[in-house]
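Please read the structure below before turning to the comments.
Throughout, protein chains are lettered first and strands after them, A, B, ... in sequence-line order, and every chain is numbered starting at 1.
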Amino acid sequence: MIRLQGLYMEDNISFHRDITAKIFQDKKQQRLQKARLPIEEKVRILIQLQRIALMAAQSRGAKSPGFVWRI
Amino acid sequence: MEKTFNIIREMCQENLFSRYAVAGGMAALFYIEPVTTFDLDIFILIHQKTGSIISLSPIYQWLEKRGFKPEGEQVVIEGIPVQFIPAYNKLIEEAVSDSVEKPYGSIKIKVLRPEDLIAVMAQTGRPKDRERLMLFLEEAEYSKERLNDILIRHQLKEKFDSFTGPLYGR
């Protein structure tokens with residue numbers, strides 16, 4: 001019984017390791033896809049990032065790092 | 001954003017600087033995933049007499065005549081804060097001279113090459129630069145040979161390896 005339990009635990013660890021590796025691989029693929037977007041699309045995303053960064057700075061009471069580009 | 005780039009191209013055509021290239025976070029945007037940046041850095045080459053101090057006054061005066069007023073070190077041009085940075089060492093001079101034309105909308109603009117951007121980030125070495133440098137190594141398409149050549153010629157190989165060594169097992 002103990003041996004069977006040990007085997008079950010090893011399978012679980014291996015299963016979780018495979019899932020984790022797949023998650024990291026998928027995340028890497030997503031980042032590579034973002035890197036290959038057209039520049040105009042990346043600028044649109046940049047504007048969103050600027051808004052988020054400013055909101056985060058405001059909520060922390062930190063100095064504003066700049067302003068959202070008016071384009 | 002095209003309007004901003006058109007102003008910069010016009011400034012180059014009117015010889016306020018002999019060459020320009022988009023640098024910093026905006027240049028990185030051409031090669032890696034979007035990263036937050038709040039200004040548009042433009043490296044410029046200015047003709048000057050040897051030993052004389054570089055003045056950006058002609059640039060600011062030209063921009064002011066067109067209604068673009070300086071705010072500190074930046075000038076807001078068509079809604080984007082632009083920082084003009086005269087090339088301050090051989091690496092930057094070379095990087096601007098070797099810059100490539102990239103399309104943006106209906107126009108073309110000069111942008112630093114990825115290898116030069118990596119070298120500049122290695123040279124500057126701020127935490128923000130190190131972070132972006134790692135993104136470049138993981139995501140950008142670049143020439144390892146060209147990068148190696150630039151790092152060696154500008155004595156940056158050791159510094160670069162110290163940033164990347166622990167992660168790449170060097």
Side-chain angles (χ1 to χ4, degrees), chain A residues 2-71, chain B residues 1-8 22 24-41 68 71-83 100-112 114 117 126 128 131-132 134-142 167:
Chain A
I2 293 168
R3 277 175 67 190
L4 273 170
Q5 281 175 345
L7 186 63
Y8 177 71
M9 275 179 66
E10 275 181 25
D11 281 349
N12 243 358
I13 289 167
S14 162
F15 174 74
H16 285 298
R17 199 183 301 138
D18 291 345
I19 294 282
T20 308
K22 178 89 174 54
I23 289 169
F24 279 115
Q25 185 60 27
D26 286 350
K27 278 172 104 61
K28 189 176 176 183
Q29 279 308 311
Q30 279 173 20
R31 288 168 63 193
L32 285 173
Q33 274 168 16
K34 278 189 202 156
R36 305 286 169 261
L37 287 171
I39 183 66
E40 296 82 5
E41 181 61 30
K42 287 188 189 180
V43 169
R44 277 190 279 274
I45 296 172
L46 169 62
I47 302 297
Q48 290 172 20
L49 290 174
Q50 289 175 343
R51 286 199 182 105
I52 293 168
L54 284 174
M55 275 171 13
Q58 250 173 13
S59 68
R60 286 195 319 264
K63 183 185 165 193
S64 169
F67 60 84
V68 177
W69 290 357
R70 298 185 284 265
I71 55 174
Chain B
M1 194 151 194
E2 274 188 46
K3 289 182 187 173
T4 308
F5 288 134
N6 273 331
I7 297 287
I8 293 168
V22 177
M26 184 64 208
L29 220 56
F30 281 87
Y31 304 111
I32 61 173
E33 63 181 286
V35 289
T36 311
T37 186
F38 281 93
D39 47 24
L40 174 59
D41 291 335
F68 305 121
E71 290 177 23
E73 293 167 346
Q74 300 167 339
V75 184
V76 180
I77 302 175
E78 302 290 355
I80 298 180
V82 180
Q83 189 162 8
V100 289
E101 266 199 336
K102 293 273 185 191
Y104 187 93
S106 61
I107 62 170
K108 286 198 174 156
I109 53 171
K110 294 278 195 175
V111 182
L112 288 195
L117 281 165
R126 299 168 300 177
K128 176 167 85 169
E131 212 175 289
R132 272 190 203 155
M134 300 314 296
L135 286 177
F136 262 83
L137 296 180
E138 288 172 14
E139 299 173 10
E141 288 171 350
Y142 66 95
L167 281 168

Legend entry - Pairs of heavy atoms under 4.5 Å with chain A: top-ranked of Leu135(B), Leu29(B), Thr36(B), Asp39(B): Leu29(B)

Is [X] in contact with chain A via its backbone, its side chain, both, or neither, using a 4.5 Å heavy-atom distance?
{"X": "Thr37(B)", "answer": "both"}
{"X": "Glu139(B)", "answer": "both"}
{"X": "Tyr104(B)", "answer": "both"}
{"X": "Val76(B)", "answer": "side chain"}

Legend entry - Phe38(B) versus Phe67(A), closest heavy-atom pair with distance: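 Between these two residues, the closest heavy atoms are CD2-O, 3.5 Å.
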
Inset, instruction - Kindly give the heavy-atom pair with the smallest separation between Pro103(B) and Ile39(A), and that separation in Å. - result: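 Shortest heavy-atom separation between Pro103(B) and Ile39(A) comes out as O-CG2, 3.8 Å.
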
Inset, instruction - Working to the nearest 0.5 Å, report the span between CD1 of Ile71(A) and NZ of Lys3(B). - result: 11.0 Å

Legend entry - Nearest-0.5 Å distance that lies between atom OG1 in Thr4(B) and atom CH2 in Trp69(A):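 Taking OG1 in Thr4(B) and CH2 in Trp69(A), the distance rounds to 8.5 Å.
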
Inset, instruction - Among Lys34(A), Arg36(A), Arg31(A), Lys42(A), find the residue that satisfies the side-chain hydrogen bond (donor to acceptor under 3.5 Å, both in side chains) test when tested with Glu33(B). - result: Arg31(A)

Inset, instruction - Would you indicate whether Glu131(B), at its atom CD, is surrounded by more than 12 heavy atoms from other residues, nucleotides or ligands within a distance under 6.0 Å? - result: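 No - once you tally the heavy atoms of other residues, nucleotides and ligands closer than 6.0 Å, there are 12 at most.
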
Inset, instruction - Name the option with the most non-hydrogen atom pairs under 4.5 Å to chain B; the candidates are Leu37(A), Val43(A), Val68(A). - result: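 That would be Val43(A).
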
Legend entry - Check: Gly105(B) main-chain N/O paired with Glu40(A) side-chain donor or acceptor under 3.5 Å: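 Looks like yes, one N/O pair under 3.5 Å.
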
